[in-house]
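To find a chain, count down the sequence lines: A is the first, B the second, and so on, and within it residues start at 1.
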Amino acid sequence: MPCFDWGCTMKTYRTHYSKDVSAEEYNTVITVSGWVEDIRNLGSIAFVILRDRKGTSQITVFSKKTPELFKKLIDLPRESVISVQGVCKENSKVRNGYEIIPEELSVLSVAQTPLPLGVVDKVESELETRLDNRFIDLRKPDVQAIFTIRDNVIHAAHEYLRAQGFIEVHTPKIVASSSEGGTDVFRLKYFEKEAFLAQSPQLYKQSLMATGLDRVYEIAWYFRAEEHNTRRHLNESTAVDIEMAYIQSEEDVMHILEHLVHAMWRSAGECKAELETLGRSVAVPKVPFVRISYDEVITKLKGRGSGIIWGQDLGSEDEKLLGEIMKDAGTDFYFITRYPLASKPFYTMPEGGDHSRGFDLECKGIELASGSQRIHNVDLLTERMKACNLDPAAFETYLKAFRYGMPPHGGFGFGIERFLMELLDIGNVRECILFPRDRTRLSP
RNA sequence: GCCCCGGUAGUGUAGUGGCCUAUCAUGAAGCCCUGUCGAGGCUUCGACUUGGGUUCAAAUCCCAGCCGGGGCGCCA
């Protein structure tokens, strides 16, 4: 099958991707383009492996029949970009069943040597080296597969949320109010004023609940100036954020979240070729996910010897232990509900005395998302701000949205890189984003 | 913010005071080879993070810097 319908007869660099050649094309002239992955020169016959987006094809060239083409091809440095037109011949000796006998060759770009990073070398490079040369690193099929899957799951998120009546919004990333709590923010100069990079769309998406849009989602970047150096933190990351109005309780929000995760997980499962490249399989989780209250969590953890006391946040060890407990109970995914009010942000709806309507979604001991029913009463909201040592005056533009009619609402934030890390069992979150920003990395 | 660890050719490594003119692989350059597919064979090239110090002698030990990794805290 030809790769694109160009709608005209113009000469093109590519009539087929390597994977799209089938018996139909045998003994016809095709054009392929891509990177020279390898050249195996046997003297008077040479095999050039050409890599494109979908795989590789073999170009077989003979020194006696086509001496000029032979010389031109075998002298190319690896990773040069070429376009080859030639006859596609069936050949069972070749892995994908065919080879191309070239008639015309255009050298589109000659690669410098040596490469800073081998694409198909027999030695693995360190993540540091790979990220420094990400454009080459991304030529590796397994690295590329992560981003194809990423594209698929994000697409699935859009589809699911739209089907549920959510509309996509884009809120400012340069913001005036300082921290909504929880994390350090990047400061920047905004003409004569001080501004910050958004740590989340929280305040804006809540404000939108006062508009009648009712259900909004945003898939965007956010920025956190934490000086951590771990394999699961980024200073610039992406998230799926939603906010929905007229909810009865946080249960409505959790319902959307679990179905969203389910839809994304399922769409990843459909990326068969990429999963095979990565050597992974994904087991689509069953919905609904298990709900376990914070109080039950504490009881269970204590029962397994943890020294945690009520009111504390779960540390890494406790989260891991809980992951094991839940796995023994037959589930990787679980909501921790009814968190202590004190450990959740100011906008979280209180429940009873010390509890809240805040929840986290965890997967195997890693926090994937957190959300809650929010406070929609402005007096309570102001009171909670003060209790969290925040100055209501600094949040006046946010509070204003609550004074003129604000329905009950809730939402969540869901980290995309963390999700991919869990989904594909990747050891370092930096692998899940094209150009990671971490404690020390600002380029590329 | 606290704590731990590391830095050797383009890439990845061996080397814990003298046997280092630094190992091996991969790579690059060149030659041989008509069916390779981790091709094979031969030749060549290429490195001790920086600055001090200890010592007869430092890749190796000490101090400082630079660069990096990871754990905790916090979080997505």
Side-chain angles (χ1 to χ4, degrees), chain A residues 37-50 56-65 70 74-75 77-79 89 91-97 99 101 111-133 136-137 179-185 199-200 202 220-241 312-320 343-345 360-363 366-371 412-422 427-430 432-433 438-441:
Chain A
E37 186 170 285
D38 196 14
I39 299 167
R40 294 192 274 273
N41 177 11
L42 275 67
S44 47
I45 185 172
F47 306 100
V48 177
I49 307 303
L50 188 72
T56 59
S57 48
Q58 174 172 298
I59 292 143
T60 306
V61 65
F62 302 90
S63 68
K64 282 178 190 155
K65 288 183 206 163
F70 186 89
I74 63 159
D75 282 346
R78 297 196 306 169
E79 295 305 314
K89 296 264 192 199
N91 191 332
S92 57
K93 287 180 204 160
V94 188
R95 281 214 178 117
N96 29 3
E99 62 188 345
I101 312 300
Q112 270 186 36
T113 59
L115 297 165
L117 181 69
V119 177
V120 289
D121 286 6
K122 292 154 198 158
V123 288
E124 282 295 308
S125 303
E126 289 198 336
L127 187 56
E128 167 80 2
T129 311
R130 293 175 43 207
L131 293 176
D132 281 341
N133 302 282
I136 294 184
D137 186 48
S179 179
E180 68 205 46
T183 191
D184 289 329
V185 293
Q199 66 174 90
S200 87
Q202 184 64 34
W221 301 261
Y222 57 120
F223 310 91
R224 299 189 173 185
E226 296 284 344
E227 294 193 24
H228 33 221
N229 191 359
T230 79
R231 62 168 108 158
R232 58 186 195 289
H233 286 93
L234 292 165
N235 292 289
E236 178 182 63
S237 67
T238 54
V240 181
D241 264 274
Q312 278 182 339
D313 260 338
L314 272 56
S316 294
E317 293 251 315
D318 287 320
E319 277 195 309
K320 228 175 116 186
S343 65
K344 284 287 168 189
D360 283 356
L361 173 63
E362 305 239 340
C363 173
I366 298 270
E367 183 180 337
L368 281 186
S370 65
F412 60 76
F414 175 41
I416 292 171
E417 289 80 22
R418 283 258 179 109
F419 170 79
L420 284 167
M421 215 178 152
E422 282 311 306
N428 194 312
V429 72
R430 278 165 259 226
C432 299
I433 189 162
D438 62 31
R439 175 66 188 82
T440 53
R441 182 172 291 278

Figure out the CD1/P separation between A:I74 and B:U36, and round it to whole Å. 18 Å

Would one find a side-chain N or O of A:S237 under 4.0 angstrom from OP1 or OP2 of B:A76? no

Is the backbone of A:T238 close enough, under 3.5 Å, to the side chain of A:E417 for a donor and an acceptor to pair up by distance? yes

Take atom CD of A:E317 as the centre, draw a 6.0 Å sphere, and report whether it contains more than 12 heavy atoms from other residues, nucleotides or ligands. no

Minimum heavy-atom separation for A:L131 and A:R441, please, with both atom names. CB-CZ, 3.6 Å

I'd like to know if the side chain of A:N96 reaches the main chain of A:T56, judged simply by a donor and an acceptor atom lying under 3.5 Å from each other, with no hydrogens or angles considered. yes

N/O to N/O distances under 3.5 Å, protein versus nucleotides 39-49 of chain B:
from, atom 1, to, atom 2, distance (Å)
B:A39, OP1, A:D38, OD2, 3.4
B:A39, OP2, A:D38, OD2, 3.4
B:A39, OP2, A:R40, NH1, 2.7
B:A39, N6, A:N41, O, 3.0

With sequence neighbours excluded, what pairs up with A:S57 under the side chain to side chain contact (heavy atoms under 4.5 Å, CB included) test? A:S18, A:V32, A:L50, A:Y98, A:I100

Tell me, what's RNA chain B's dot-bracket, Watson-Crick or G-U with both distances under 3.5 Å, | for other-strand, [ ] crossing? (((((((..(((.....[.....)))((((((.......))))))...(((((..]....))))))))))))....

Near-strand residues of residues 57-65 of chain A, defined as heavy-atom separation under 4.0 angstrom from RNA chain B: A:Q58, A:F62

Of A:F47 and A:Y222, the one whose nearest nucleotide on RNA chain B sits closer to the 5' end is A:F47

May I ask you to evaluate whether A:T129 reaches the phosphate of B:G12, defined as a side-chain N or O under 4.0 Å from OP1 or OP2? yes

Just checking A:E319: base, sugar-phosphate only, or nothing, at a heavy-atom cut-off of under 4.0 Å? base

Nearest whole angstrom, please: distance from the C1' of B:U26 to the CD1 of A:I136. 16 Å

Just how far, in rounded Å, is C1' of B:U36 from CD of A:E37? 14 Å

Using a heavy-atom cut-off of under 4.0 Å over every strand shown, decide if A:V429 touches base, sugar-phosphate, or nothing. nothing

What is the distance, rounded to the nearest whole Å, between atom CD of A:E99 and atom P of B:U34? 17 Å

Heavy-atom pair of closest approach, residues A:A46 and A:N41: CB-CA, 4.0 Å

Between B:A28 atom C1' and A:D75 atom CG, what is the distance in whole Å? 14 Å

Atom-to-atom span, CG of A:L50 to C1' of B:C37 - whole angstrom: 15 Å

Short heteroatom pairs, N/O only, protein and nucleotides 3-10 of chain B, under 3.5 Å:
from, atom 1, to, atom 2, distance (Å)
B:G10, O2', A:L115, O, 3.1
B:G10, O2', A:P116, O, 3.4

Is A:S44 close enough to B:U34 that one of its side-chain N or O atoms is under 4.0 Å from OP1 or OP2 there? yes

With sugar-phosphate taken as primed atoms, P, OP1 and OP2 and all else as base, the protein-contact string of nucleotides 68-73 of chain B at under 4.0 Å (heavy atoms; B, S, -) is SBBBSB

Expressed as a whole number of angstroms, how long is the span from A:I39:CD1 to B:C33:P? 18 Å

Comparing A:R439 with A:T113, nearest RNA chain B nucleotide closer to 5' gives the residue A:R439

In whole Å, I'd like the distance from the CG atom of A:N91 to the P atom of B:U34. 18 Å

